[in-house]
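Beneath this line is the structure, given in structure tokens, with notes to follow.
Side chains are part of it too, since the values below use all heavy atoms of this structure and drop only hydrogens, waters and symmetry mates. In what follows, residues are counted from 1 in the order of the sequence shown.
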Amino acid sequence: MTTFKDSSLHNGSTGSTSAQHKMTLAQIFEALMGGQLTVRITAYDGSAAGPEDAEFGLHLATSRGTTYLVTAPGDLGLARAYISGDLELTGAHPGDPYGALQALASDLNFVRPSPLTLAHIARSLGIEHFRPIAPPPQEALPRWRRFTDGLRHSKSRDAEVIHYHYDVSNTFYEWVLGPSMTYTCAVYPDLEASLEAAQENKYRLIFDKLRLKPGDRLLDIGCGWGGMVRYAAHRGVKVIGATLSAEQAEWAQKAIVEEGLADLAEVRHCDYRDITETGFDAVSSIGLTEHIGVSNYPAYFTFIRDRLRVGGMLLNHCITRPDNHKRGRAGSFIDRYVFPDGELTGSGKIISKLQDVGGMEVVHEENFRDHYAMTLRDWNRNLVEHWDEAVEEVGEGTARLWGLYMAGCRIGFERDIVQLHHVLATKLDDKGHNDLPLRPWWDA
């Protein structure tokens, strides 16, 4: 095992011998991680550090990968190098690098070496690695560039953001998501339930919470491939779904026709703000709030309230922070590679913003954090199973990105870095009354 300490730089009164010695890439990694590795680090210069028998590790395969790591320290540089194939996670399948990420999470606690060590690292790397290079093609523009292209959360910019993430390939999504084509947290009735059973159970739970019955009218905003739309229509509910993704809308409309639901259901390719109908018995928002922007919550909840009849129900399903203090914006990796312009906040802020619009009463909320970790686990399994087809469909870089993103998010849910909350509310009459049962009316 290679070891490196600041003291090795000091050699007598001048330190000239050590200062002139070029550090290997493995030594640099070890210096930045504090020298106590449990994973194996190898690099293209032939150097290595960490236990030889470690189950998982990192292999820096190219000089370009070094440049990515140096010019974008932290998760963005790691993502660039990994997605481009310049950095490999050893011991794990790229479709599901969960085990490797878990092991690395305990080691990737970067320390700040002394100024002398940093100078030595810089000399060892060489000036050429400090010149920025073009990122992988999967990376979205930085926030400041996106701002020049349109106001944040304007209709045009929201449409572009949704196109970036959701119009990858319907075929690719079919392999990852499975037959349900549902890209939101499932609700597992038990630990052994399949992904499909859990997604069906999620729709059942939302349907029941909304007190829907045949003949009712439902608006599903941010409807994806129409899973909730079709579930409700199969039970006699008239449904309008809205999505900004053209590929989702096309897929959903075809499924609606094939399942004989055209008289009850439709999915529109439009911004939810363009829905003019009112008097709905219920509104479901399943995985849309993450894209709205926290500052737009008042307008968002006002829109929903104004589309409901008195006594109508809202179910808001949203990824959240575990508290209400952290900044809303996502980290650099998520913002540049997964959900540009995405924002998360705590469930308390969502509830308070909903209450503040007036006329809406929150009657129930619950956390499905553990269920999302299990959902991501199953999506990763699907990607592994269809890895060769996925690479052929979208390219290896995009397939690697999805494996990394889903496995990383799974760890985030497991460690309570993020959560998933249902918030259930009803529209009151002008005297503040509701007609709800005294206790929850659905089966958990």
Side-chain angles (χ1 to χ4, degrees), residues 159 162-189 193-210 212-272 274-277 280-288 307 315 317 375 378-379 381-383 385-386 388-390 392-394 398 402:
I162 293 300
H163 169 74
Y164 169 85
H165 187 77
Y166 292 98
D167 289 346
V168 175
S169 159
N170 282 336
T171 301
F172 175 77
Y173 276 110
E174 287 172 0
W175 287 325
V176 173
L177 304 181
S180 73
M181 282 295 276
T182 299
Y183 187 31
T184 48
C185 175
V187 177
Y188 289 75
S194 68
L195 174 63
E196 290 308 305
Q199 292 292 15
E200 178 82 2
N201 186 52
K202 184 262 299 292
Y203 289 132
R204 188 275 311 166
L205 179 62
I206 293 174
F207 187 93
D208 290 350
K209 284 182 174 181
L210 291 173
L212 288 166
K213 60 185 184 302
D216 281 351
R217 297 172 63 230
L218 169 67
L219 172 62
D220 186 34
I221 54 179
C223 68
W225 290 270
M228 184 68 201
V229 171
R230 289 177 286 117
Y231 183 94
H234 274 296
R235 287 151 184 81
V237 174
K238 299 176 182 178
V239 195
I240 295 174
T243 175
L244 282 171
S245 166
E247 290 196 22
Q248 285 181 339
E250 181 181 2
W251 192 99
Q253 275 299 121
K254 181 180 178 182
I256 285 169
V257 172
E258 290 175 349
E259 295 175 26
L261 301 172
D263 291 340
L264 289 169
E266 66 169 310
V267 168
R268 300 177 185 174
H269 175 215
C270 70
D271 192 290
Y272 76 92
D274 293 329
I275 299 293
T276 59
E277 290 90 339
F280 289 97
D281 297 285
V283 173
S284 52
S285 175
I286 308 172
L288 176 65
R307 296 302 175 280
L315 189 290
H317 164 127
T375 305
D378 290 346
W379 288 342
R381 286 176 179 172
N382 285 344
L383 181 55
E385 183 178 347
H386 296 282
D388 291 341
E389 302 102 306
E392 184 175 355
E393 177 72 14
V394 300
T398 298
W402 276 79

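For the pair Ile256/Leu264, no side-chain contact is recorded, criterion being any heavy-atom separation below 4.5 Å from C-beta on. Using a 4.5 Å heavy-atom threshold, the side chains of Leu218 and Ser284 count as touching. Under the 4.5 Å side-chain criterion, counting only non-hydrogen atoms from C-beta, Leu219 is in contact with Ile275. Residues Cys185 and His317 form a side-chain contact, since some pair of their non-hydrogen atoms from C-beta on lies under 4.5 Å apart.
Note that the CD1 atom of Ile221 and the CD1 atom of Ile286 stand 10.0 Å from one another [nearest 0.5 Å]. Taking NZ from Lys254 and CG from Asn170, the interatomic distance works out to 10.0 Å, rounded to the nearest 0.5 Å. Taken to the nearest 0.5 Å, the CD atom of Glu250 stands 9.5 Å off from the OG atom of Ser245. Rounded to the nearest 0.5 Å, atoms CG (Leu288) and CG (Leu244) are 8.5 Å apart. Expressed to the nearest 0.5 Å, how far CG of Leu210 lies from CE of Met228 amounts to 6.0 Å. Rounded to the nearest 0.5 angstrom, Arg307 CZ and Arg217 CZ are separated by 11.0 Å.
Judged by distance alone, the side chains of Glu385 and Trp175 never bring a donor and an acceptor atom under 3.5 Å apart. Remark: the Lys202 side chain and the Thr184 side chain contain an N/O donor-acceptor pair separated by less than 3.5 Å. Side-chain polar atoms of Glu393 and Ser169 form a donor-acceptor pair below 3.5 angstrom. Tyr231 and Asp220 are not linked by any side-chain donor-acceptor pair at a separation below 3.5 angstrom, with hydrogens and angles left out of the test. For the residue pair Thr243 / Tyr272, no side-chain donor-acceptor distance below 3.5 Å is found, with atom types taken as modelled.
Looking at Arg230 and Glu259, a side-chain N of the basic residue comes within less than 4.0 Å of a carboxylate O on the acidic one, giving a salt bridge.
Between Gln199 and Thr375, the closest heavy-atom pair is NE2-CG2, 4.2 Å. For the residue pair Tyr188 and Asp378, the shortest heavy atom distance occurs at OH-OD2, 2.6 Å. Counting all heavy atoms, side chain and backbone alike, Gly178 lies closest to Asn382 at N-ND2, 3.9 Å. A pairwise comparison of heavy atoms in Val239 and Ala232 identifies CG2-CB, 3.7 Å as the closest pair. Pairing each heavy atom of Val267 with each of Ala252, the nearest pair is CG2-CB, 3.7 Å. Across Pro189 and Ala198, no two heavy atoms sit closer than the pair CD-CA, 4.2 Å.
Under the salt bridge (Lys or Arg N to Asp or Glu O under 4.0 Å) criterion, Glu266 pairs with Arg268, sequence neighbours left out. Under the salt bridge (Lys or Arg N to Asp or Glu O under 4.0 Å) criterion, Lys238 pairs with no residue, sequence neighbours left out.
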Discussion item. Run Ser180 and Tyr203 through side chain to side chain donor-acceptor pair (under 3.5 Å) and show every step you take.
Written reply: CA-CA 11 Å; Ser180 73; Tyr203 289 132; over 6 Å; no
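Checking each of Trp402, Trp251, Phe172 against Tyr183 for a ring-ring contact (aromatic ring centres under 6.0 Å, His included) leaves exactly one that passes, namely Trp402.
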